[in-house]
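What follows is a short report on a single structure.
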There are 2 protein chains.
Amino acid sequence: MRNTVQRDLIYKVVCDSSDHPAAETVYSRVRAVMPNISLGTVYRNLKLLVSLGKIREIPLASGGSRFDKTVMAHAHFRCRLCGEVTDAELGSVDALADALRRASGNEPESTEIMFTGVCRKCVGKENKAV
Amino acid sequence: MRNTVQRDLIYKVVCDSSDHPAAETVYSRVRAVMPNISLGTVYRNLKLLVSLGKIREIPLASGGSRFDKTVMAHAHFRCRLCGEVTDAELGSVDALADALRRASGNEPESTEIMFTGVCRKCVGKENKAV
DNA sequence: GATTTAATAGTAATAGTTACTGATAGCAAT
DNA sequence: ATTGCTATCAGTAACTATTACTATTAAATC
């Protein structure tokens with residue numbers, strides 16, 4: 001596999017982002033540095049980086065995915081009012097995968113936990129937004 | 001909200017399915033009974049049933065969603081070789097949501113856990129399929 | 001049964017993503 | 001350094017899953 005400035009930049013942008021950007025968001029951030037990079041290149045490399053285990057993909061029920069620099073098994077919280085995705089710090093995520101392995105004989109390689117609800121900032125806004 | 005035979009049938013099909021069907025799969029099963037039902041009707045009612053909390057949506061990183069009769073917080077395992085989605089029986093799922101609530105102040109309403117890996121049946125098939 | 005209007009069938013449109021094609025550039029061997 | 005090979009690129013077309021639109025149908029109420 002060849003090193004390319006495009007791939008390095010895409011990886012750097014994801015690593016420098018703490019807000020779990022969508023592919024289009026990565027694209028616009030990358031274009032700020034390299035204006036004529038192609039959207040297809042962004043998608044191709046995001047997918048490649050995911051398959052290499054260098055970044056993580058978080059699929060959303062609302063359609064589309066978000067990308068994350070963290071590869072360790074961990075959990076996310078998504079507010080159904082403001083849409084923000086944040087990390088949920090939980091100590092026992094790896095323990096779950098172990099429990100599954102023992103109980104089922106299946107071999108989990110990655111664990112993705114998504115909580116959906118109302119975030120601290122949006123509690124009380126229910127009637128306005130929904 | 002009115003009762004419609006279409007919605008009742010869509011709900012029944014999801015409840016009678018134990019394989020976590022995609023929307024298109026629900027559509028084809030529903031059409032076996034009601035041949036001229038519209039795909040839009042299936043999507044609209046799946047979404048409605050999800051928002052009513054009667055069924056559950058499982059978004060996949062590979063694109064699209066699967067639907068599930070079970071509403072309780074629970075976990076799934078998806079084999080990256082055969083693509084099958086099965087339930088992962090774990091006792092401690094609700095405890096995770098409680099831990100999040102206490103730790104962050106966010107208010108989780110649903111918890112979705114997705115394990116990805118190689119299922120028991122596909123262990124050893126690695127070289128053929130990937 | 002007549003009225004009201006939510007829900008439908010059928011189709012067009014959209015969003016997110018992937019595939020295609022000719023051009024470019026990273027790497028290896030000269 | 002130059003050449004050759006080909007992975008990767010930019011740009012664009014195509015595709016898939018989903019949603020929106022519109023005229024029509026049928027549940028619920030009167």
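Protein chains get the first letters and strands the later ones, always in sequence-line order, with residue 1 at the start of each.
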For the side chain of S38(B) and the backbone of G40(B), is there at least one donor-acceptor N/O pair under 3.5 Å apart?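 Side chain of S38(B) to backbone of G40(B), a donor-acceptor pair under 3.5 Å: yes, one is there.
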Say whether, by atom type as modelled, one donor and one acceptor occur between the side chain of T4(A) and the main chain of R7(A) under 3.5 angstrom.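 Looks like yes, one N/O pair under 3.5 Å.
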Touch class at under 4.0 angstrom, heavy-atom based, for G63(A) against every strand present: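 G63(A): no heavy atom of the nucleic acid under 4.0 Å.
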Which part of the nucleic acid, if any, lies within reach of A22(A) when heavy atoms closer than 4.0 Å are counted: base, sugar-phosphate only, or nothing?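 Here A22(A) touches no strand at all.
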Bounds of contact between DNA chain C and chain A, in 5' to 3' order, using a heavy-atom cut-off under 4.0 Å: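 Extent of the interface on DNA chain C: dG16(C) to dC27(C).
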Whether the R44(B) and T41(B) side chains hold a donor-acceptor pair (N or O, under 3.5 Å, no angle test) is what I'd like checked.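 Result is yes, a qualifying pair exists.
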Between the side chains of R120(A) and S104(B), is a donor N or O closer than 3.5 angstrom to an acceptor N or O?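 No, S104(B) and R120(A) have no side-chain donor paired with an acceptor closer than 3.5 Å.
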Give me the distances for all protein-to-nucleotides 9-11 of chain D N/O pairs that come in under 3.5 Å?
unit_1  : atom_1 : unit_2 : atom_2 : d
dC9(D)  : OP1    : T4(A)  : OG1    : 2.9
dC9(D)  : OP1    : N45(A) : ND2    : 3.4
dC9(D)  : OP2    : R44(A) : NH1    : 2.2
dC9(D)  : OP2    : N45(A) : ND2    : 3.3
dC9(D)  : O3'    : Q6(A)  : NE2    : 2.9
dA10(D) : OP2    : S38(A) : N      : 3.1
dA10(D) : OP2    : T41(A) : OG1    : 2.3
dG11(D) : OP2    : N36(A) : O      : 3.2
dG11(D) : N7     : S38(A) : OG     : 3.0

Walk me through whether E107(B) and R101(B) qualify under salt bridge (Lys or Arg N to Asp or Glu O under 4.0 Å). CA-CA 6 Å; E107(B) 195 58 44; R101(B) 186 180 292 110; 2.8 Å; yes
Locate the shortest heavy-atom distance separating R66(A) from A22(A); write the atom from each residue and the value.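 Looking at all heavy atoms of both residues, the closest pair is CD-N, 3.8 Å.
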V26(A), N45(A), D68(A), L9(A) screened by side-chain contact (heavy atoms from CB on, under 4.5 Å) with V14(A), the one that passes: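 That would be V26(A).
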Measure the distance from [atom1] on [X] to [atom2] on [N] and round it to the nearest whole Å.
X      : N       : atom1 : atom2 : value
L60(B) : dT16(D) : CG    : C1'   : 14 Å
L52(A) : dT8(D)  : CG    : C1'   : 14 Å
Y43(A) : dT8(D)  : OH    : C1'   : 19 Å
D8(A)  : dA7(D)  : CG    : C1'   : 15 Å
K47(A) : dT8(D)  : NZ    : P     : 14 Å
L46(B) : dT19(D) : CG    : P     : 10 Å

Joint hydrophobic cluster, V50(B) plus M1(B), side-chain heavy atoms closer than 4.5 Å: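 Different hydrophobic clusters.
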So F67(B) and E57(B), do their side chains get closer than 4.5 Å, heavy atoms only?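 SC-SC contact between E57(B) and F67(B) confirmed.
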